[in-house]
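Here the structure comes first, spelled out in structure tokens, and everything after it is commentary.
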Number of protein chains: 2
Amino acid sequence: MTTRRRGAALEEAILQAAVEELTEVGYRELTMDGVAARAGTAKNVIYRRWPSRAALCIAAYRHMLPSGPDSTPDTGSLRGDALALLTRANDRMSSPVGRILRQLLADIQSDPERMRELRDQVARAGVSHWLTVLARAASRGEVGQQALTPRVATVAVDLLRNEYALNGATAVSPEVLTEIVDQVFVPLATQAPAPSDASSRD
Amino acid sequence: MTTRRRGAALEEAILQAAVEELTEVGYRELTMDGVAARAGTAKNVIYRRWPSRAALCIAAYRHMLPSGPDSTPDTGSLRGDALALLTRANDRMSSPVGRILRQLLADIQSDPERMRELRDQVARAGVSHWLTVLARAASRGEVGQQALTPRVATVAVDLLRNEYALNGATAVSPEVLTEIVDQVFVPLATQAPAPSDASSRD
DNA sequence: CTCTTAAGCTACTAGCAGTATCTTAAGAGA
DNA sequence: TCTCTTAAGATACTGCTAGTAGCTTAAGAG
């Protein structure tokens, strides 16, 4: 090969190769030699830019995320909005991107620094949509103030994430999604303000 | 070494060595050579009994679980029982046993067979306690029938598990536990039967 | 045209899962 | 007590991968 890429062009080629390897074989099976070969370069060139396999793959993961901000669904009912948001989340989690993210998260547990950045990226993606949906429902009088907490707002996605942690890579069924929405999210959001709370402080 | 163990005694020694290695360095860092050395035997002896590192570690994990069935807390209030159960779950999840289980689960994702057995073991451990606590609260008139679903029963532990998936190994704070109980579990369990449900079917 | 930088190449270390082979102790049966 | 089968133990090996080192040479700036 007589031509030689440098700088940004080379970096882009490596990231692209890493994205393709991630998509095809996943994080666990990705090898640095594989990425180097696919990018038409050598391993040490990769190590000049990223300190480890994990770091490269995190960068590649970022690189493969959809860029444009997506819209908040507006079906007219809280239940419909919630189902739409949860279905969208499920689609992402069951896609290659979701699989890669879970493998990355699992492999990074011992590195709090990287954990934080990845988790923030995960979290930031969704919360605002749920708060928007809840706020709209509140303005319709569908939900009370007590539901407007981060915990309640993210409860559906949190439960969905738990399904994946327990079930492995297989996609979660629509039935489970409606179960989460109908048995947990909607009841929580639309509950009466204070039925019999503060029952005891021991 | 002139004495040579055989059969069950040897198997027990290997499992014990694996348990110690798991406790000290965790699943990720456990090596077959390490287990063999600690057990005073050789790698191939281990492979005559378990087909892989993962299989050995699952057996060792089972071997290190507490055997006796634990009691269901009875504080007199649903909130108190829930906090007690969730605190106990948190203690387990933040212990070496919990760390090992999470590493195992993460490493087994691609093996549905092993996934199922491990997950069932995880699930079986807790659900009945929550159902008991809910049933007692129902008999006191504290909760309605709609709360007696597996989904609602396990919602607190599911959310706690999600915290560990996102936060890594660091223990979840008591504040988060009370947040889960007060903002999610208790409201769900004590809600009025059907406030304004079935809002629309589109 | 020259000189610095970094890309590309090749070879290396170190660690680990899993396999193979051979020797020899354990223990069962005669 | 002797013998014979089984499996424990020791050792060495394959194959794979992360990460490192050093050398050669193209790119591109001045």
Side-chain angles (χ1 to χ4, degrees), chain A residues 1-18 20-22 24-61 100 103-104 106-111 113-114, chain B residues 1-18 20-22 24-61 100 103-104 106-111 113-114:
Chain A
M1 196 166 295
T2 161
T3 105
R4 203 180 265 192
R5 295 155 302 182
R6 292 181 81 111
L10 178 60
E11 184 160 327
E12 175 66 23
I14 294 172
L15 281 177
Q16 190 54 42
E20 290 168 17
E21 290 275 301
L22 279 176
E24 288 181 20
V25 305
Y27 172 70
R28 305 269 296 269
E29 305 295 325
L30 175 143
T31 68
M32 299 300 265
D33 290 291
V35 174
R38 191 187 280 262
T41 184
K43 248 195 319 188
N44 51 357
V45 175
I46 303 180
Y47 279 103
R48 276 182 202 126
R49 287 157 205 278
W50 296 276
S52 72
R53 179 171 163 276
L56 166 67
C57 290
I58 290 178
Y61 171 77
I100 292 162
Q103 292 176 344
L104 265 174
D107 196 51
I108 296 305
Q109 296 277 348
S110 48
D111 186 337
E113 187 52 42
R114 290 195 212 286
Chain B
M1 196 166 296
T2 161
T3 105
R4 202 180 265 193
R5 295 155 303 183
R6 291 179 81 107
L10 178 59
E11 185 161 326
E12 176 65 23
I14 295 172
L15 281 176
Q16 190 53 43
E20 291 168 16
E21 289 276 300
L22 279 176
E24 288 181 21
V25 305
Y27 172 70
R28 303 269 298 269
E29 306 294 325
L30 174 143
T31 69
M32 298 300 264
D33 289 292
V35 174
R38 191 187 282 262
T41 182
K43 248 197 315 189
N44 50 0
V45 176
I46 303 180
Y47 280 103
R48 277 183 202 125
R49 287 156 206 277
W50 296 276
S52 69
R53 179 171 164 275
L56 167 67
C57 290
I58 290 177
Y61 171 77
I100 291 162
Q103 292 176 345
L104 264 173
D107 196 52
I108 297 304
Q109 296 278 347
S110 48
D111 187 336
E113 187 51 42
R114 289 195 213 286

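So you know, we letter chains A, B, ... as the sequences are listed, proteins then strands, and number each from 1.
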*Could you tell me which nucleotide pairs with C/dC16 by Watson-Crick or G-U wobble geometry, both distances under 3.5 Å, or answer none if nothing does?*
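Pair assignment: C/dC16 / D/dG15.
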
_Complement of D/dG30, any strand, by Watson-Crick or G-U distances under 3.5 angstrom_ =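 In the structure as shown, D/dG30 has C/dC1 as its Watson-Crick or wobble partner.
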
*Side chain of A/Arg48, base of C/dA7: donor and acceptor closer than 3.5 Å?*
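Looking at the base of C/dA7, it does pair with a donor or acceptor on the side chain of A/Arg48 (distance under 3.5 Å).
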
_Quick check: any donor-acceptor pair below 3.5 Å linking the side-chain of A/Arg53 to the base of D/dT17?_
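Answer is no: no donor-acceptor pair is held.
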
What is the distance from [atom1] of [X] to [atom2] of [N], rounded to the nearest Å?
| X | N | atom1 | atom2 | value |
| --- | --- | --- | --- | --- |
| A/Glu11 | C/dA6 | CD | C1' | 13 Å |
| B/Ile46 | D/dT11 | CD1 | C1' | 15 Å |
| A/Glu29 | D/dT17 | CD | C1' | 12 Å |
| B/Trp50 | C/dT19 | CH2 | P | 16 Å |
| B/Leu56 | C/dC16 | CG | P | 16 Å |
| A/Asp33 | D/dG15 | CG | P | 16 Å |
| B/Arg28 | C/dG15 | CZ | P | 18 Å |
| B/Tyr47 | C/dT21 | OH | C1' | 17 Å |

*Just by modelled atom types, is the A/Leu56 backbone N or O under 3.5 Å from a matching donor or acceptor in the A/Arg49 side chain?*
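Judged by distance alone, no pair lies under 3.5 Å.
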
For the side chain of [X], starting at C-beta, report the closest nucleotide among [options].
| X | options | answer |
| --- | --- | --- |
| B/Val45 | D/dG9, C/dG18, C/dT10 | D/dG9 |
| B/Arg4 | C/dA17, D/dA18, D/dG9 | D/dG9 |
| B/Thr31 | C/dA26, C/dC16, D/dG9 | C/dC16 |
| A/Arg49 | D/dA8, D/dA18, C/dA7 | C/dA7 |
| A/Ser52 | D/dA26, C/dT24, D/dG19 | D/dG19 |
| A/Met32 | D/dA18, D/dA8, C/dT10 | D/dA18 |

*Rounded to the nearest 0.5 Å, what's the gap from CG on A/Asp111 to CD1 on A/Ile58? Could you check?*
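These two atoms lie 7.5 Å from each other.
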
*Select from B/Arg6 and A/Lys43 the residue whose nearest nucleotide in DNA chain D is closer to the 5' end of that strand.*
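Per heavy-atom nearest nucleotide, the more 5' residue is B/Arg6.
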
*Check every strand shown and say whether A/Leu30 touches a base, only sugar-phosphate, or nothing at a heavy-atom separation below 4.0 Å.*
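Here A/Leu30 touches the backbone only, sparing every base.
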
*May I ask you to say whether A/Glu11 pairs ionically with A/Arg5, meaning some side-chain N is under 4.0 Å from a carboxylate O?*
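No, this pair does not count.
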
_Salt bridge or not between B/Asp107 and A/Arg28? Use side-chain N to carboxylate O under 4.0 Å._
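Looking at B/Asp107 and A/Arg28, the cut-off is met.
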
*Count the heavy atoms of every other residue, nucleotide or ligand shown that sit under 6.0 Å from CD of A/Glu24, and state whether that count exceeds 12.*
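Yes.
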
